[in-house]
A.B. asks: 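Sharing a structure here in structure tokens format.
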Amino acid sequence: MSTGQEQLQDYMRLPAEVLYREELEALRKEDTGKIPAGWQMSPRAVLTFIAGGKAGKKVITPKYIGNTRLIEMAVATLVTDRALLLIGEPGTAKSWLSENLAAAIYGNSGLVVQGTAGTSEEHVRYSWNYAMLLANGPTPEALVKSPIMRAMEDGGIARFEEISRCASEVQDALISILSEKTISVPELGKEAGARKGFSIIATANTRDRGVNEMSAALKRRFNIIVLPAPSDIETELSIVKKRVAEIASSYELQAAVPADDALLKVVTIFRELRSGMTLDKKEKVKTPAGVISTAEAISLLTNSMALAASFGTGELTDGDLAAGLQGAIVKDDDKDKLVWREYLDNVMKKKGTEWRGLYQACKEMNE
Amino acid sequence: MNAPAAAGVRIFGVRHLSPGGARHLLDYLDEHRPTAVLIEGPSDASGEIPHLTKGKARPPVAILAFTDQLPVRTVLWPFAVYSPEFQAMKWAKDHGAAVSFIDLPSSVTLGLQDVMNRGKAGGPAAVPETGLQDEPDSAELMDEESIYSRIARAAGEHDYDMYWERNYEHNGSTGAYQAAILAFSSQMRELGEDKELREQPSEYAYNALREAYMRRQILKAIAEGHEPDRVVVVCGAYHASALAAPLAPMNDNELAALPSRSTKLTLMPYSYYKLSTMSGYGAGNAAPHYFQMMWEAMSAGKPEELPHRYLSAVAGHVRTGGTYRSTAEVIEAVRLAESLAALHGGSAPTLRDLRDAAQTLLGHGDLAAIAEPLARVDVGTAIGYLPEGVSQTPIQDDLNRLLKQYKLEKYKTAVATDLQLDLRENRRVSSTEAAFLDLSRSVLFHRLSLLGIAFAQSRPSGQSGATWAEHWVIRWSPEIEIQVVESTLLGETVEVAAAYVLREKLQECKSIADASVLIRIACECAMTAQMEEGTRVLQNLAALSRDVAGMAAAARELSLIISFGDIRRVDTAPLIPLLEELFRRGCLFLLDASGCNDEAASAMLTAMNELNVISLEHSDNLEDGLWLQELQQLAERDDRNPRLSGYACAILLERGTISSGELAAEVSRRLSPGIPADLGAGWFEGLSMRGHYGLLSRMSLWEQLNDYINALDDEQFKRALVFLRRAFGTFSPREKTMISELLGELWGVNSEQAAEVLTGELKEEESKMLDELNDFDFGDF
């Protein structure tokens, strides 16, 4: 903890409030709106931070591209001190949006409960430092607060990632926290009440293995917003382009950022496989069993760039892309392999000369 | 003093269908207390205003103008309760002020439309166009649309509707509203006018004409003695600046020179659904029921309660749909909507804010879950009502009278309702009319559908052949009222109009099948005269025809009418001779028509089946012997289509005119070794289409088939497969198992083993063999 700026570079991934520190500062400086209690900036400024725009002279890059209305609804939800639940298929930027919202509103996106099948109620409420508990009995010092409890005491925003992966009983620990806005600690005979500004942003998957149904009582305590897959190819292209460039620079990949036509090809393939038909809606396409999200497209491209940088010339070749596509689309199933082969022969082969190189490379890879 | 504005006339620009506009207009009228209220609307319809404002009339209603000659053109002016125009009329009535419409008369509007349509595409526009078209048609001016969305974006809103609602409907001050809307529309006009002049000169000229005429009417009102500053003109904001500009009014010569078509006017109930789907009418109409709620909240002086009412209503519909949503969620939805509005600096949530809040809280993020409740609250199912005696066309009157007489008025709703009719006499009631109420209803529905009035749609009855039961789905919509009005040219009453249409159709009828269908329709519509005429037409057509399939179909129609006609209380005796004639001709030409290829044979199969059914049903009237005799011939002949010969044999077998011995002989003749596969197997296919159990019980038949197939060489066997496959395709799985058991017995396999082989999956070599069949050349079939 005795470190300065220089060590920040050593982290694989920086939290949003650090990554976009300058933008946040500019927004706070230029903010003229009314700031709700416990917030760092006005709702309008939060909206600008996520959707992009300008703060004075500083250009604010868009963090969530596509549907501004959804961001408005998310911000408006948090203004009314309701908890927010972001639902969507894997890879629809739920966590990304929740992290950026927490960073803008509270200035700290780090109070996170990461939901898994092993998450217990202690992770949601509090637990004890057992050595101290045995030595001194229940004391405030022996109390280990959960991120949610800390957010309550600080009037901040806690994030609950992948809430639907926790067991239902653990999820339901949130019910009384959300309605009464307190966590009682009977061992100490006291209650931790939430300060103004406290809220929870949870994310949940709808379509995946290993998710638990959420109880109606819990759902009722959230404002639920469904994040869709990008609605058109331009939106998806710009999302992929922006994120690939950001990731490449943070990983210092020694490869050129992929050319626009490579991006276009990958996004086209992904959209066609996801929607089950070609972009011109003339042909039906079989969809693979796995999830083919925008996030997958981004990691595929960075993956291919890493391949090109480490084992190639640094230029992204069709072979690198093909390797990435093979890995992303044919995940575990032999059936996916057939789906991919069918797509190659029925759709990609007919796409014309620009696609010829990629087609050959994919074909070889899938043999 | 040429310009109305110079005279000091007060002009109030509004947007049609705007509760905010209506509210402010009322305040304005109360403040200035005019002696004359002039409203943008067809000036020849001024006489309808008292009917519209009559106590019992309930909007939405519309003024409908239609040409009284073909081709029928219609034009509509709809009014909702929150239309500023409608409220102005009511105000004038309550305060004793003179009120009239000042736009071009409907005759000129339709005349001009004819001219414009001719100029545009050469073809007449099929759809009735809407009146009061001030904002540009979205289809015509795509880039105007983008101006609207640019305005919305500049104001930080997501669409133009949100912008409008936030800035105009929620505007609380009358003066500010009037000034804002005037400034906005005159700027829009400046932006668009040049372009319109360049690209749509006719549209531009049309607007100029209307405005000149309106100026003329305003001056006329002043000449009639109204103080200029006590005249209020209510018009679309788009025209407000032009009416105020110092431009010359239209003079008499100019008016006389305008094209004109003779028109009639009528009033009709309208529906919110129709109001919401109308194109080219600008915003403010997408959610009529929502705007009605807004109007009601404003009238009660509590516009701030609208979000509560709206979201409670949505939650109510969600609950009725069986999904529970708590009051707490409604409260949170209101808070979210208000918070969304605050994010845009608005004073109250717009419809979009409310919808999004409903989706998040009441739909749990899922729009599909609340789409129907939203539609019910946004659009609503309301339809208007006009009291009796209000000006209507004779056929509208007649229909309303009939609906009342047959107790159908309650079905006059925009929500589809099911109605099951039982045409049989109801013996539990005293009067004849009540006893046959359902029959009368059925006749009316059939007549309406003959007229193309889609009030009642027939659904196939669940029980086949249940001619006494009819299932109708009834739904009223404004289009139906228009269809009724259009039928006024065909006749004064529903019955006369229907008879006219049927006669026209009979005269154009060219085929036997069509004629028989028309006879059935005449019977359903209880029009005896037309039924007899249809009989004549059919007879003439049949006399020249040799088309057995057509005659059989027609005969079947007639036979149904004859068998069940008495349930409709129609005398069907005159049809019997015609049925006899058709049947006889069908029999006589059977042999001839059976020399056909396999494609035509399918139609012949249907025909044979129908003729057989008829001969059984009407055995007292028809020569059954002739039919059997012809079948016998067909069954014996070798030069006809083998499938049809086989089928004839099957019918005879079923009728019991062939003995087992004869059948065995015939089978062995047809399936003797050396007979080509298409003849032998094709005949068997025909034979196996009827009476499966009869065949299954004849072991000898299967022995012979087995021998025949064994005798075929490989090539012939593959050809035979086609027919055999088709033949066995008509058997049910159970019957197929029985066949395989029979064959198993023949081959000395026990039945369990056979079943195992048959139900198990294909082995690799077997599927390979099947694949090879794909390459087989069936070119000569």
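Proteins come first, then strands; the chains are lettered A, B, ... in the order of their sequence lines, and each starts at number 1. Being a predicted model, the structure only gives us computed values, none of them experimental.
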A.B. asks: Counting only heavy atoms not in B:R309, do more than 12 sit closer than 6.0 Å to its CZ atom?
C.D. replies: no
A.B. asks: More than 12 foreign heavy atoms under 6.0 Å from CD of B:E305: is that the case here?
C.D. replies: yes
A.B. asks: Would you say A:K29 has more than 12 foreign heavy atoms packed within less than 6.0 Å of its NZ?
C.D. replies: no
A.B. asks: So what's closer than 4.5 Å to chain A heavy atoms on B:R352: side chain, backbone, both or neither?
C.D. replies: both
A.B. asks: Mind checking which of residues 68-79 of chain A sit less than 4.5 Å from chain B, heavy atom to heavy atom?
C.D. replies: A:T68, A:R69, A:E72, A:M73, A:V75, A:A76, A:T77, A:V79
A.B. asks: Of the listed residues (B:T360, B:L367, B:D366), which shares the most heavy-atom pairs with chain A below a 4.5 Å separation?
C.D. replies: B:T360
A.B. asks: Taking atom CD of B:E304 as the centre, does the number of heavy atoms from other residues, nucleotides or ligands within less than 6.0 Å exceed 12?
C.D. replies: yes
A.B. asks: Which atoms form the tightest heavy-atom contact between B:H364 and A:R220, and what is the distance?
C.D. replies: NE2-CA, 4.5 Å
A.B. asks: Would you name the heavy atoms of B:R335 and A:T80 that are closest together and state the gap between them?
C.D. replies: NH2-O, 2.9 Å
A.B. asks: Under 4.5 Å from any heavy atom of chain A, what part of B:L361 do you find: side chain, backbone, both or neither?
C.D. replies: side chain
